[in-house]
Visitor: 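Pasting a structure below so you can have a look.
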Amino acid sequence: MIWVNDVKDNYPKSNISMNQQNVRVRFAPSPTGPLHMGGVRTALFNYLLAKKTGGTFILRIEDTDQTRFVPGAEDYIMEALKWCGIQVDEGIVEGGPYGPYRQSDRKALYQQYASQLLESGNAYLAFDSPEDLEQVRSEYETKGETFTYNAATRQQMRNSLSLSKSVVDQLIASGEKYVIRFKMPDDEVVTDNDLIRGSVSFNTSLLDDKVLFKSDGMPTYHLANVVDDHLMEITHVIRGEEWLPSMPLHVLLYEKFEWEKPVFAHLPLILKPVGKGKLSKRDGDKMGFPVFPLRWTDPFTSEVSSGYREEGYFPDAFVNLLAMLGWNPGTEQEIFSMDELAEAFDLSRVGKSGSKFDPEKAKWFNHQYMQQKDNAELAEMLMPILHEKGVKVEVDYVVKVVEMLKERATFLPEIWDQGFYFFEDPKSYDPKTVSKRWKEGVPEMMQEIYDFLASYQGAWSPAIVKEDFSAFVTKKQWNFGLVMNAFRLCIVGAAMGADLFEICAMIGKEATLRRIQNGIQNIPV
RNA sequence: GGCCCGUUCGUCUAGGGGUUAGGACGCAAGAUUUUCAUUCUUGUAGCAGGGGUUCGAAUCCCCUACGGGCUACCA
């Protein structure tokens with residue numbers, strides 16, 4: 001007899017998607033400000049799934065709330081994705097067969113779907129004004145209860161279910177404003193399989209009759225989102241965990257429309273490194289690190305928030321660190337290029353719990369990328385920074401500086417902090433080093449060194465100078481450490497920097513002598 | 001308050017019935033570096049608690065605690 005294993009894994013968390021053709025995913029931000037890093041990560045995970053499966057990544061702008069329009073936000077979102085190397089296949093500027101890709105441009109579409117729900121008896125008109133609702137809510141609150149607009153209460157409210165048809169017609173005719181609400185079924189259990197969390201259930205009697213269509217003629221997020229995802233043939237809805245509570249509503253909407261629903265995957269949140277709660281836009285960079293990919297200037301308050309780009313992060317490092325927040329490859333590899341990420345990515349390896357963001361680890365990632373990058377490439381990126389400092393040099397020279405210093409730098413601008421002396425004479429002398437290293441008799445000693453170097457005939461290369469210099473110091477019976485530190489103080493202005501003879505070779509004999517002379521004259525004993 | 005989701009070193013995480021509970025960041029010590037930084041080596045530190053199930057539980061179940069999210073004519 002042959003035994004066949006039964007299917008014991010009833011909830012395959014692994015992606016059904018992997019074998020599925022034509023994966024279509026979307027990132028659907030609301031242009032109410034700059035995208036923050038959590039949003040970028042959501043976009044990234046969507047993009048990665050599309051890239052892995054050869055699917056399509058769509059950028060859809062969800063601007064159904066006209067009161068929250070922020071100028072520049074839409075451009076910011078697109079620029080941020082571009083900087084990260086997240087390529088949009090279909091979107092506002094890319095176009096595509098499922099457009100328009102901005103919900104305000106799709107406005108005319110939604111009314112008919114709301115009507116469809118009205119006709120099928122799954123939605124109704126509600127005439128309660130915001131003031132009415134607020135009053136009811138506060139009444140419930142004083143009773144210590146929470147008002148929920150649903151099967152239990154809707155008969156007491158002013159809507160097309162509680163009012164007679166003639167009254168309703170009259171209200172409409174008189175121009176009374178109304179919204180369209182979803183008629184949430186009473187006491188049903190809605191269950192759906194989340195790709196990350198497995199089976200999740202909700203009882204509809206605890207849910208409310210969400211507004212689907214606002215009195216201003218725009219749909220709410222819920223309606224627009226479901227309609228667009230359907231029309232755009234989205235296969236996977238990958239979004240933040242904050243949307244998990246609205247999953248039953250969305251599932252129900254697909255059901256009532258009799259549409260095939262996409263697969264849902266709710267990503268864990270990125271939490272603040274310290275304190276409580278999810279990382280929010282309002283955190284700005286008050287916590288010592290940026291929360292935005294790009295610098296953002298608030299168009300209303302002119303308040304500036306720093307961005308990873310401007311802080312000196314490399315886009316590939318930023319993407320890498322974001323990917324490792326909540327996802328892991330199951331191996332010990334931590335450094336991934338975008339292609340490698342797409343290759344390795346799998347929603348089943350996304351964790352369930354929120355991750356506190358660790359700025360220190362973020363720096364470590366950038367340092368890794370700095371080491372990995374080509375010196376010429378880094379030098380090119382450094383040129384604008386040098387120009388800002390008023391330095392004029394050849395790129396070749398900068399390449400050499402980068403080669404010597406990148407190991408000790410985490411961010412590109414640090415190369416300047418670590419190596420300004422390659423480009424200009426020290427403007428000041430670190431007082432601590434001066435008091436420690438510039439003692440009685442040192443200026444006289446440096447003068448002898450000056451004379452030695454001034455008359456030096458050998459080749460001006462690090463190794464040769466070092467050898468002859470050492471011989472000279474030994475002959476003079478000077479303390480080597482004392483000499484070198486004083487020498488360094490003259491050349492660099494502080495007790496820091498690359499190998500001293502390398503520096504001398506780079507800046508040349510003339511500058512070396514000049515700096516020694518300046519030191520002798522200007523450093524106080 | 002209600003609903004939903006979660007909980008392995010300080011942080012990010014591996015591990016999904018039998019492991020000395022693995023890695024990374026950070027931190028500490030040592031080595032190298034004439035300084036600083038880098039680098040290398042070593043070390044540090046964890047299964048939230050309580051009940052089950054089982055020969056055996058970090059792993060499966062329940063309860064509690066804690067954390068988080070949502071609870072708008074915002075997304």
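When reading the values below, keep in mind they use all heavy atoms of this one structure, side chains included, and skip hydrogens, waters and symmetry mates. Protein chains get the first letters and strands the later ones, always in sequence-line order, with residue 1 at the start of each.
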Visitor: By nearest atom, which of the nucleotides G68(B), C25(B), G15(B) is closest to the K361(A) side chain?
Guide: C25(B)
Visitor: Classify the nucleic acid contact of R488(A) as base, sugar-phosphate or nothing, counting any heavy atom under 4.0 Å across all strands shown.
Guide: base
Visitor: When we call it a touch if two heavy atoms are under 4.0 Å apart, what does V483(A) touch: a base, just sugar-phosphate, or nothing?
Guide: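 If one applies the 4.0 Å heavy-atom cut-off, V483(A) turns out to touch nothing in the nucleic acid.
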Visitor: Of the listed nucleotides (C12(B), A24(B), A75(B)), which one gets closest to any side-chain atom of T64(A)?
Guide: A75(B)
Visitor: Looking for any heavy atom pair under 4.0 Å, which part of the strands does V179(A) touch: base, sugar-phosphate only, or nothing?
Guide: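 Touches a base.
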Visitor: Could you check whether G277(A) gets within reach of a base, just the sugar-phosphate, or nothing at all, counting any heavy atom under 4.0 Å?
Guide: sugar-phosphate
Visitor: Using atom P of each nucleotide, how far apart are G22(B) and A14(B) to the nearest Å?
Guide: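 That atom pair is separated by 15 Å.
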Visitor: Can you identify which nucleotide, out of U11(B), U39(B), C73(B), has its nearest atom closest to the S215(A) side chain?
Guide: C73(B)
Visitor: Between U39(B), A72(B), A75(B), which nucleotide has the shortest distance from any of its atoms to the side chain of D65(A)?
Guide: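 Of U39(B), A72(B), A75(B), A75(B) is nearest to the side chain of D65(A).
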Visitor: U13(B) C1' sits how many Å from Q333(A) CD, rounded?
Guide: 15 Å
Visitor: In whole angstrom, what separates L267(A)'s CG from G69(B)'s P?
Guide: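 Rounded to the whole Å, the gap is 16 Å.
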Visitor: Tell me whether K373(A) forms a cation-pi arrangement with F314(A), defined as NZ or CZ under 6.0 Å from the six-membered ring centre and within 45 degrees of its axis.
Guide: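 Because its charged atom sits under 6.0 Å from the ring centre and within 45° of the axis, K373(A) does stack over F314(A).
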Visitor: Under 4.0 Å between any heavy atoms, over every strand shown, what does D208(A) touch: base, sugar-phosphate, or nothing? Just pick one.
Guide: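 Contact class for D208(A): none.
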Visitor: Among G6(B), U38(B), A72(B), which is the nearest nucleotide to the side chain of R137(A)?
Guide: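 Of G6(B), U38(B), A72(B), A72(B) is nearest to the side chain of R137(A).
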Visitor: Report the distance from atom CG of L206(A) to atom P of G1(B), rounded to the nearest whole Å.
Guide: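 Answer to the nearest Å: 15 Å.
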Visitor: Taking atom CD of E343(A) as the centre, report whether more than 12 heavy atoms of other residues, nucleotides or ligands fall under 6.0 Å from it.
Guide: no
Visitor: Does the Lys NZ or Arg CZ of R41(A) fall within the cation-pi geometry relative to F45(A) - under 6.0 Å from the ring centre and within 45° of the axis?
Guide: yes
Visitor: Classify T146(A) by what it touches in the nucleic acid, base, sugar-phosphate, or nothing, heavy-atom distance under 4.0 Å.
Guide: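 Result for T146(A) = base.
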Visitor: Go nucleotide by nucleotide along RNA chain B from the 5' end; which of S129(A) and E242(A) gets its closest nucleotide reached first?
Guide: E242(A)
Visitor: Tell which nucleotide pairs with C55(B), taking only Watson-Crick or G-U wobble pairs whose two distances are both under 3.5 angstrom.
Guide: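 Its partner is G18(B) (Watson-Crick or G-U wobble, both distances under 3.5 Å).
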Visitor: How far, in whole Å, is A58(B) from U71(B) if one measures between their C1' atoms?
Guide: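 Per the computed distance, 34 Å lies between those C1' atoms.
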Visitor: Does U33(B) pair with anything, Watson-Crick or G-U wobble, both distances under 3.5 Å, and if so, with which nucleotide?
Guide: none
Visitor: What's the closest nucleotide to the side chain of E62(A) if the choices are A75(B), U35(B), C12(B)?
Guide: A75(B)
Visitor: Using the C1' atoms only, state how far U11(B) lies from C27(B), rounded to an integer number of Å.
Guide: 12 Å
Visitor: Between G67(B) atom C1' and E241(A) atom CD, what is the distance in whole Å?
Guide: 11 Å
Visitor: Would you mind classifying the nucleic acid contact of H266(A) as base, sugar-phosphate or nothing, using non-hydrogen atoms under 4.0 angstrom?
Guide: nothing
Visitor: For G6(B), give the paired nucleotide (Watson-Crick: N1-N3 plus N6-O4 or O6-N4; G-U: N1-O2 and O6-N3; both under 3.5 Å), or none.
Guide: C66(B)
Visitor: In whole Å, what separates the C1' atom of G49(B) from that of C55(B)?
Guide: 25 Å
Visitor: For U41(B) versus C4(B), give the span between their P atoms, rounded off to a whole number of Å.
Guide: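 It works out to 49 Å between them.
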Visitor: Out of C73(B), U35(B), G6(B), which nucleotide sits closest to the side chain of K352(A)?
Guide: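 It is G6(B).
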Visitor: Could you measure between the two P atoms, the one in G1(B) and the one in A57(B), and give it in whole Å?
Guide: 35 Å
Visitor: Please state how far atom CZ in F336(A) lies from atom C1' in A24(B), giving the value in whole angstrom units.
Guide: 12 Å
Visitor: Could you check which of C25(B), U35(B), C4(B) has an atom nearest any side-chain atom of E360(A)?
Guide: C25(B)
Visitor: Searching all strands shown, indicate the nucleotide that pairs with A28(B) (Watson-Crick or G-U wobble; both distances under 3.5 Å).
Guide: U42(B)
Visitor: Quick one: sort the F501(A) and F487(A) rings into parallel, tilted or perpendicular, breaks at 30° and 60°.
Guide: perpendicular
Visitor: Is the distance between the ring centroids of F357(A) and F289(A) under 6.0 Å?
Guide: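 Yes: the rings meet the under 6.0 Å criterion.
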Visitor: Figure out the CE/P separation between M184(A) and U71(B), and round it to whole Å.
Guide: 13 Å
Visitor: Taking the inter-plane angle between the rings of F264(A) and H250(A) on a 0 to 90° scale, is it parallel (under 30°), tilted (30 to 60°) or perpendicular (over 60°)?
Guide: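 Ring orientation of F264(A) relative to H250(A): tilted.
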Visitor: Is K143(A) positioned over the aromatic face of Y140(A), cation under 6.0 angstrom from the ring centre and no more than 45 degrees off axis?
Guide: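 Cation-pi check for K143(A) and Y140(A): passes.
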Visitor: Map M496(A) and F213(A) onto RNA chain B by nearest heavy atom, then report which one ends up closer to the 5' terminus.
Guide: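 The 5'-side residue here is M496(A).
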Visitor: Do R181(A) and Y149(A) meet the cation-pi criteria used here (NZ or CZ under 6.0 Å from the six-membered ring centre, within 45° of the axis)?
Guide: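 Judged by the rule, R181(A) and Y149(A) form a cation-pi pair.
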Visitor: To the nearest angstrom, how far is L244(A) atom CG from U71(B) atom P?
Guide: 12 Å
Visitor: Under 4.0 Å between any heavy atoms, over every strand shown, what does G326(A) touch: base, sugar-phosphate, or nothing? Just pick one.
Guide: sugar-phosphate
Visitor: Over 60° means perpendicular and under 30° means parallel, so classify the ring planes of F480(A) and F469(A), tilted if in between.
Guide: perpendicular
Visitor: Using the side-chain heavy atoms of E332(A), tell me which of these nucleotides is nearest: A37(B), C12(B), G23(B).
Guide: G23(B)
Visitor: With a non-hydrogen cut-off below 4.0 angstrom, is M324(A) in contact with a base, only sugar-phosphate, or nothing?
Guide: sugar-phosphate
Visitor: Should the side chain of R408(A) and the base of C36(B) be counted as holding a donor-acceptor pair, with the cut-off at 3.5 Å?
Guide: yes
Visitor: Of the nucleotides U13(B), C5(B), U34(B), which one has an atom closest to the side chain of N328(A)?
Guide: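 Out of U13(B), C5(B), U34(B), the nucleotide with an atom closest to N328(A)'s side chain is U13(B).
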Visitor: Could you tell me the separation between the CZ atom of R197(A) and the P atom of C4(B), rounded to a whole number of Å?
Guide: 14 Å
Visitor: Say you pick atom P in G15(B) and the same atom in G69(B); how far apart are they, in whole Å?
Guide: 26 Å
Visitor: Rounded to whole angstrom, note down the P distance from C12(B) over to U54(B).
Guide: 36 Å
